[in-house]
2 protein chains.
Amino acid sequence: MLKLTRKLEYALIALRHMQDKGDTFISAKEIADMYLIPRELLAKTLQQMVKLNYIKAAQGPHGGYRVRKGLTEISMTQFMEDLEGPMGIVDCNINAECIQLENCNIRLPIKKINSNIRAIFNEIRVGDITS
Amino acid sequence: MLKLTRKLEYALIALRHMQDKGDTFISAKEIADMYLIPRELLAKTLQQMVKLNYIKAAQGPHGGYRVRKGLTEISMTQFMEDLEGPMGIVDCNINAECIQLENCNIRLPIKKINSNIRAIFNEIRVGDITS
DNA sequence: GTTATACCCGACTAAAATAATCGTATTAAT
DNA sequence: ATTAATACGATTATTTTAGTCGGGTATAAC
Ligand code: SF4
Ligand code: SF4
């Protein structure tokens, strides 16, 4: 329980690698090979980050991806939710339904824990991991 | 991502309910019906907690379960790992293998986040939720 | 203008983790 | 005896996560 998804890890690994390389475009293939990440999966994740304006893509030979300025200032909460959707330790802390909700006797204390966890990720920026 | 398991929620709901009832034995059926929790699943979870010495069982008619004194002092980390096994936001923070480990460029910052999350659960006791 | 390299994108499949169910045995109060 | 309850292992179903495939588009180099 309480795990990050693999996709998030791959995204962070790639971002850090790209950041190390500065302004040059890095191909998905290069990163996938270097860190033993499944190519197609990494590619899909990078494409998602392009849509989110986290990185910039260049097509054709010598193409690839490059980190956009300002990405490092984004909070991990934002980053994670952009990539994986709402974050919450239980259903009632996100959109989801819960049939226990009406009688639930632990909702409030759980909600408080959830806030504490969110607070951790709110205070961490992507750059704290990728720089 | 980052969710508690349903089993943990059911366990906490049951513990809180039993605690409210003091020393009397409460049947799994009663709790399951009250909170709309699947009977067999709750029963299995309660049985697990008996083995962990968290609660005491009584068989036969008028039997059921009752919370053991001292349970409330247990940390949530202990509780969660007793019920669900090792907790960690990524594989390298628990037992599990990871083929990225050797070249991983985010391991250290992630490890720090993991410590922060564990710290939250270390500071919370079961009684903070069930009392 | 052909070729090679790389991104784009949606659909699909596989694997793993989680959630729920079933069947049978045991215990004890009435 | 009967009934109401726990004990426990095996099994199945569901959901989430992870990974794959196939066909397309852009562009640099020759
Ligand atoms: S805390 Fe209670 S209401 Fe919220 S998801 Fe869990 S069971 Fe449902
Ligand atoms: S942080 Fe790196 S080493 Fe640890 S599990 Fe994730 S990829 Fe593997």
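To find a chain, count down the sequence lines: A is the first, B the second, and so on, and within it residues start at 1.
Of the candidate nucleotides C:dA11, C:dA20, C:dA28, C:dA28 has the atom nearest to the side chain of B:Pro61. Which of D:dT20, C:dA29, D:dA7 sits closest to the side chain of B:His62 comes down to C:dA29. The nucleotide whose nearest atom lies closest to any side-chain atom of B:Gln47 is, among D:dA7, D:dT20, D:dA29, D:dA7.
Residues B:Arg107 and A:Glu9 are not paired through a salt bridge, judged by the lack of any N-O separation under 4.0 Å between the basic side chain and the carboxylate. A salt bridge does not link A:Asp128 with B:Lys112: none of the charged nitrogens is closer than 4.0 Å to a carboxylate oxygen. Salt-bridge annotation for A:Arg118 and A:Glu81: present, with a side-chain N of the basic residue lying under 4.0 Å from a carboxylate O of the acidic one. One finds a salt bridge joining A:Lys69 and A:Asp23 here, because a Lys/Arg side-chain nitrogen approaches an Asp/Glu carboxylate oxygen to under 4.0 Å.
Atom CG in A:Leu41 sits roughly 18 Å away from atom P in C:dT13 (whole-Å rounding). Following rounding to the nearest Å, A:Asn95 (CG) and D:dT16 (P) show an atom-to-atom distance of 10 Å. Taking atom CD of A:Gln100 as the reference point, atom P of C:dA19 lies 11 Å away to the nearest angstrom. Atoms CZ (A:Phe25) and P (C:dC8) sit 11 Å apart, rounded to a whole Å. Atom CG of B:Asp91 is separated from atom C1' of D:dT17 by 12 Å (rounded to the nearest Å). In this structure, CD of B:Glu40 is placed 16 Å from P of D:dT12, rounded to the nearest angstrom. We find that CD1 of B:Ile99 is positioned 13 Å from P of D:dA18, with the value rounded to whole Å. Across the protein-nucleic acid pair, B:Lys29 atom NZ and D:dA7 atom P stand 17 Å apart, rounded to whole Å.
Within 4.0 Å of B:Ala43, counting heavy atoms only, lies no atom of the nucleic acid at all. The residue A:Lys51 sits close only to the backbone: its heavy atoms come under 4.0 Å of sugar-phosphate atoms, none of a base. Nucleic acid contact class of B:Tyr65 (heavy atoms, under 4.0 Å, all strands): sugar-phosphate only.
Along DNA chain D, the nucleotide closest to B:Val50 and the one closest to B:Leu2 are compared, and the more 5′ of them pairs with B:Val50. If A:Gly63 and A:Lys44 are placed on DNA chain C by their nearest nucleotide, the residue sitting closer to the 5' end is A:Gly63.
The 12-atom threshold is not exceeded at NZ of A:Lys21, counting heavy atoms of other residues, nucleotides or ligands nearer than 6.0 Å. Within a 6.0 Å radius of CD in B:Glu73, other residues, nucleotides and ligands contribute more than 12 heavy atoms.
Residues A:Gln78 and A:Arg125 have side chains that never bring a donor and an acceptor to within less than 3.5 angstrom of each other.
Within a heavy-atom distance below 4.0 Å of DNA chain C, the residues of residues 5-17 of chain B found are B:Thr5, B:Arg6, B:Lys7, B:Tyr10.
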